[in-house]
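Just below is one structure, and these are the notes that go with it.
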Amino acid sequence: MGGQLLPLELIDRCVGSRIWIILKGDKEFVGTLRGFDDYVNMVLEDVTEYEINPDGGYRVTKLEQILLNGNNVCMLVPGGEGPVPEQAAQ
């Protein structure tokens with residue numbers, strides 16, 4: 001049992017690090033995880049929001065800080081830098 005890692009333990013290890021968050025729907029976020037709770041509501045800083053356009057591209061928005069509702073989270077990627085390099089984002 002020494003190798004078992006619970007989901008909230010993994011998220012706790014990511015505090016202070018960059019994380020890529022994929023939501024239900026057409027939005028993804030990359031930011032520095034500052035904190036979270038048992039419902040996986042998260043506070044992120046230095047955030048880039050990617051919203052998928054109907055043409056397949058992305059609308060990119062920079063945000064200083066957000067509170068993300070955990071009900072909408074589909075997948076977390078520790079250390080991830082998002083769906084596209086920022087230079088290629090439209």
Side-chain angles (χ1 to χ4, degrees):
M1 288 283 205
Q4 185 178 14
L5 182 64
L6 298 173
L8 290 178
E9 291 173 342
L10 176 61
I11 298 169
D12 190 50
R13 290 183 182 185
C14 295
V15 172
S17 301
R18 300 288 288 172
I19 190 167
W20 175 17
I21 301 163
I22 301 170
L23 302 181
K24 300 174 189 172
D26 295 335
K27 289 190 180 183
E28 302 178 18
F29 292 89
V30 176
T32 302
L33 180 62
R34 289 296 170 209
F36 69 98
D37 63 14
D38 288 344
Y39 300 101
V40 194
N41 298 314
M42 291 175 274
V43 175
L44 299 171
E45 288 183 344
D46 187 26
V47 180
T48 304
E49 174 186 3
Y50 298 92
E51 186 170 7
I52 301 169
N53 294 328
D55 65 3
Y58 290 92
R59 187 181 83 189
V60 179
T61 306
K62 299 284 189 176
L63 303 164
E64 187 176 321
Q65 188 176 59
I66 64 169
L67 171 61
L68 192 61
N69 186 322
N71 286 335
N72 299 317
V73 173
C74 193
M75 184 168 63
L76 302 173
V77 183
E81 283 299 324
V84 293
E86 289 191 34
Q87 301 88 328
Q90 301 175 22

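Residue F29 comes nearest to L68 through the heavy atom pair CE1-CD1, 3.8 Å, listed as atom of the first residue, atom of the second, then distance. Contact record, E9 with Q4: OE1-O, 4.3 Å, taken as the closest heavy-atom pair. Closest non-hydrogen pair, N69 versus N71, comes out as OD1-N, 2.7 Å. Closest heavy-atom contact between L8 and F36: O-CZ, 3.6 Å. Closest of all the heavy-atom pairs between E81 and Y50 is O-OH, 4.0 Å.
Panel note: side chain D55, backbone G57; a donor-acceptor pair is recorded below 3.5 Å.
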Only pairs under 3.5 Å count here: list side-chain donor-acceptor contacts from residues 37-45, not counting sequence neighbours, and write none if there are none.
unit_1	atom_1	unit_2	atom_2	d
D37	OD1	Y39	N	2.9
D37	OD1	V40	N	3.2
D37	OD1	N41	N	3.0
D37	OD1	N41	ND2	3.4
D37	OD2	N41	ND2	3.0
N41	OD1	G70	N	2.8
E45	OE1	R34	NE	2.8
E45	OE2	Q65	NE2	3.1

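Separating the SG atom in C14 from the CD1 atom in I19 is a distance of 4.5 Å, to the nearest 0.5 Å. Annotation: the span from I52 atom CD1 to Y58 atom OH amounts to 4.5 Å, rounded to 0.5 Å. Between atom CG of residue L76 and atom CG of residue L23 there is a gap of 9.5 Å, rounded to the nearest 0.5 Å. Remark: I21 CD1 to I66 CD1 distance equals 6.5 Å, nearest 0.5 Å.
Hydrophobic cluster membership differs between W20 and V15, with clusters built from Ile, Leu, Val, Met, Phe, Trp and Tyr side chains linked at under 4.5 angstrom. Cluster annotation: V47 is connected to V73 through the hydrophobic network of ILVMFWY side chains, with a link wherever side-chain heavy atoms come within less than 4.5 Å.
D26 pairs by the salt bridge (Lys or Arg N to Asp or Glu O under 4.0 Å) definition with nothing, not counting sequence neighbours. Every residue meeting the salt bridge (Lys or Arg N to Asp or Glu O under 4.0 Å) condition with E49, not counting sequence neighbours, appears here in chain and number order: K27.
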Verdict with reasoning, L33 to I11, per side chain to side chain contact (heavy atoms under 4.5 Å, CB included):
CA-CA 9 Å; L33 180 62; I11 298 169; 3.9 Å; yes

